[in-house]
Amino acid sequence: MGRLLIVGSVAFDAIETPFGKTDKILGGAAPFIALAASKFNVESAIVSVVGEDFPQEYLDLLSNNGIDISAINIVPGGRTFFWRGRYHNDLNSRDTLETQLNVLADFNPIVPEQYRDSEVLMLGNLNPSVQLSVISQMEVKPKLTVLDTMNFWMDNALDELLEVIAKVDVITINDEEARQLSGEYSLVKAAAKIHAMGPKYIVIKKGEHGALLFQNDEIFFAPALPLKEVFDPTGAGDTFAGGFSGYLAKTQDYSFENMKNAVVQGSNLASFNVEKFGTERLLNLDPMTIYRRLEQFKKLTQFDIELS
């Protein structure tokens, strides 16, 4: 089983959806990634930064789920990154009401010595300069480096982002971001252009419409599981990334065929995440519940057909 190093924000979120609202709760990319990956019992660590206002109970929550928190830097007198958002009725769009970068604005990542030879590196959505710093600190090139990014960095730090993209094995972005990065409307053409930038594999997330995996001319599609209720989509993409990278760290098989399994595992965990606010649903998942939903995915996607 390979070790997984996770780099990403640890934050407070305040969320409003048509179904309710929260005050400050645990958020940021890294907790969703790490909690999803923890379902595969992988050895993992988070590299991040929080302020002195970050509750010990949240750190304990991560630690109690087998996640190494020793590289989460607590800045004395600092305040933790905070995001407040409101989702529209269809939950596919949202408005950012408030963003406070706080200690994240000056984040200087320090990779723990014992994780500088990690087999899998998961770069959560952050400033590309932070991601480059982490890559440069790895003493042994990871067997797999996965990048998650967003359109904000395409607008504001494109040159650095392209430098990161050239160094990774997998990039996960949504369909809108894939079109922006490539300049192509067709996602097949977009994937081909992004592949030429460096990554061997491209994962394009389509929210409630599933996810696409590309490697050269090979394409795999995994649908999203139809759900009776979607409560809060915050962190669904990060949960997908955590399930994807956690499964690959567990299996240590980085072939296209096993990437298909990883996409389904990520989609499966993301389907749970949206059923409650924040990380609540991930914290109360047992292996049998995960397995039963995987069986639903299997029934949804497998069929026999006669070709004449």
Using modelled atom types only, decide if a donor and an acceptor are shared between the side chain of Thr80 and the backbone of Gly51 within a distance under 3.5 Å. yes

Flag yes if more than 12 heavy atoms outside Asp217 fall under 6.0 Å of its CG atom; otherwise flag no. no

After noting the C-alpha distance and the side-chain angles of Gln252 and Glu119, does the key distance pass the side-chain contact (heavy atoms from CB on, under 4.5 Å) rule? CA-CA 8 Å; Gln252 295 186 278; Glu119 287 84 356; 4.0 Å; yes

Asp60 backbone acceptor or donor facing Ser63 side chain under 3.5 Å: no

Give the cluster check for Leu104 versus Ile110: same hydrophobic cluster or not, with ILVMFWY residues linked at side-chain heavy-atom distances below 4.5 Å. no

Okay, side chain of Glu52, backbone of Gly77: is any donor-acceptor separation there less than 3.5 Å? yes

Spell out, as yes or no, whether a donor-acceptor pair under 3.5 Å connects the side chain of Gln137 to the backbone of Pro109. yes

Step through the shown structure and confirm whether more than 12 heavy atoms of other residues, nucleotides or ligands are within 6.0 Å of CG on Asp286. yes

Evaluate the side-chain proximity of Glu229 to Val274: yes if any heavy-atom separation is below 4.5 Å, no if none is. no

Report the hydrophobic cluster partners of Leu97, with the cluster defined as I, L, V, M, F, W, Y residues connected by side-chain heavy atoms closer than 4.5 angstrom, directly or transitively. none

Heavy-atom pair with the smallest gap, counting every atom of Tyr247 and Phe40: N-CD1, 3.7 Å

Can you tell me how far apart CG (Leu187) and CZ (Phe221) are? Round to the nearest 0.5 Å. 11.0 Å

Would you tabulate the side-chain donor-acceptor contacts of residues 205-213 under 3.5 Å, counting partners in other chains and residues two or more places apart, or write 'none'?
residue	atom	partner	partner atom	Å
Lys205	NZ	Asp148	OD1	3.3
Glu208	OE2	Asn92	ND2	2.9

Is the side chain of Thr279 donor-acceptor paired with the backbone N or O of Phe32 at a distance under 3.5 Å, no angle test? no

Do Asn156 and Phe152 touch side chain to side chain, with heavy atoms closer than 4.5 Å? yes

May I have all residue pairs that pass salt bridge (Lys or Arg N to Asp or Glu O under 4.0 Å) and include part of residues 256-268, sequence neighbours excluded? Glu257-Lys260

Does a side chain donor of either Tyr87 or Asp95 reach within less than 3.5 Å of an acceptor in the other side chain? no

Students often mix this up, so state it plainly: with edges at 30° and 60°, are the rings of Phe19 and Phe231 parallel, tilted or perpendicular? parallel

Donor-acceptor under 3.5 Å (Ser118 side chain, Leu121 main chain): no

Glu184 and Lys193 ion-paired at < 4.0 Å: yes

Can you confirm whether Trp153 sits close enough to Asn125 that some side-chain heavy atom of one is under 4.5 Å from a side-chain heavy atom of the other? yes

Rounded to the nearest 0.5 Å, the CG atom of Asn174 sits from the CE atom of Met150 at a distance of 8.5 Å

Nearest-0.5 Å distance, CG of residue Asp232 to CD of residue Glu16: 11.5 Å

Testing the basics here: between Ser255 and Tyr201, what is the closest heavy-atom pair and its distance to 0.1 Å? C-OH, 3.8 Å

Salt bridge Arg3-Asp117, side-chain N to carboxylate O under 4.0 Å: yes

Look at the side chain of Asn151 and the backbone N and O of Glu177, then say whether any donor-acceptor pair between them is shorter than 3.5 Å. no

Interatomic distance, CG@Leu4 vs CD@Glu43, rounded to 0.5 Å, equals 10.0 Å

Test the Lys24-Phe82 pair against the cation-pi criterion, namely NZ or CZ under 6.0 angstrom from the six-membered ring centroid and within 45° of the ring axis. yes

What verdict does the side-chain contact (heavy atoms from CB on, under 4.5 Å) test give for Ile67 and Leu35, after you've listed the backbone C-alpha separation in whole Å, the side-chain angles of each residue and the deciding distance to 0.1 Å? CA-CA 8 Å; Ile67 301 157; Leu35 288 169; 4.0 Å; yes

Is there a side-chain contact between Leu59 and Leu61 in this structure, where contact means two heavy atoms from C-beta onward sitting under 4.5 Å apart? no

Atom NZ of residue position Lys39 - does it have more than 12 heavy atoms of other residues, nucleotides or ligands inside 6.0 Å? yes

Do the side chain of Asp68 and the main chain of Ser70 share a donor and acceptor less than 3.5 angstrom apart? yes

For the backbone of Leu285 and the side chain of Thr289, can you confirm whether one donor and one acceptor N or O come within less than 3.5 Å of each other? no

Are there more than 12 heavy atoms of other residues, nucleotides or ligands under 6.0 Å from atom CD of Gln56? yes

If I compare all heavy atoms of Thr99 with all of Trp83, which pair ends up nearest, and what's the gap? OG1-CD1, 3.7 Å

Within a strict 4.5 Å, meaning less than it, do heavy atoms of the Thr22 and Asp13 side chains meet? no

Heavy-atom side-chain proximity of Ile171 to Val203 below 4.5 angstrom: no

Could you tell me whether a side-chain N or O of Asn273 sits under 3.5 Å from a main-chain N or O of Leu269, the two making a donor and an acceptor? no

Looking only at the side chains, is there a donor atom on one of Arg293 and Ser271 sitting less than 3.5 Å from an acceptor on the other? yes

Can Thr239 and Phe272 be said to form a side-chain contact (heavy atoms from CB on, under 4.5 Å), step by step? CA-CA 9 Å; Thr239 301; Phe272 288 108; over 6 Å; no

Within 45 degrees of the ring normal and closer than 6.0 Å to the centroid, is that where the cationic atom of Arg179 sits relative to Tyr185? yes

Distance-only donor-acceptor check, side chains Asp253 and Thr251, under 3.5 Å: no

Taking the six-membered ring for Trp and the single ring otherwise, decide whether the centroids of Phe12 and Phe54 are under 6.0 Å apart. yes

Min side-chain heavy-atom separation Lys298-Val264 under 4.5 Å: no

With rounding to the nearest 0.5 angstrom, report the CE to CD1 distance, Met154 to Ile165. 6.5 Å

Any heavy-atom pair between the side chains of Tyr254 and Val120 that's under 4.5 Å? yes

From Leu248 atom CG to Leu144 atom CG, the distance as rounded to the nearest 0.5 Å: 6.0 Å

Polar side chain donor-acceptor pair, Gln296 to Asn268, under 3.5 angstrom: no

Which atom of Ala37 lies closest to which atom of Gly246, heavy atoms considered: CB-CA, 3.9 Å

Give a yes or no on whether a salt bridge exists between Arg116 and Glu113, defined as a side-chain N under 4.0 angstrom from a carboxylate O. yes

Heavy atoms of Ala249 and Val42 approach each other most closely as CB-CG1, 4.1 Å

Do Tyr115 and Ser44 meet the criterion of a side-chain donor-acceptor pair at a distance under 3.5 Å? no

Run the side-chain contact (heavy atoms from CB on, under 4.5 Å) test on Ile194 and Ile173 for me, step by step, so that the C-alpha distance in whole Å, both residues' side-chain angles and the decisive distance to 0.1 Å come before the verdict. CA-CA 11 Å; Ile194 297 168; Ile173 49 178; 3.8 Å; yes

Ile204 and Ala178: which non-hydrogen atoms are nearest, and at how many Å? CD1-CB, 3.8 Å

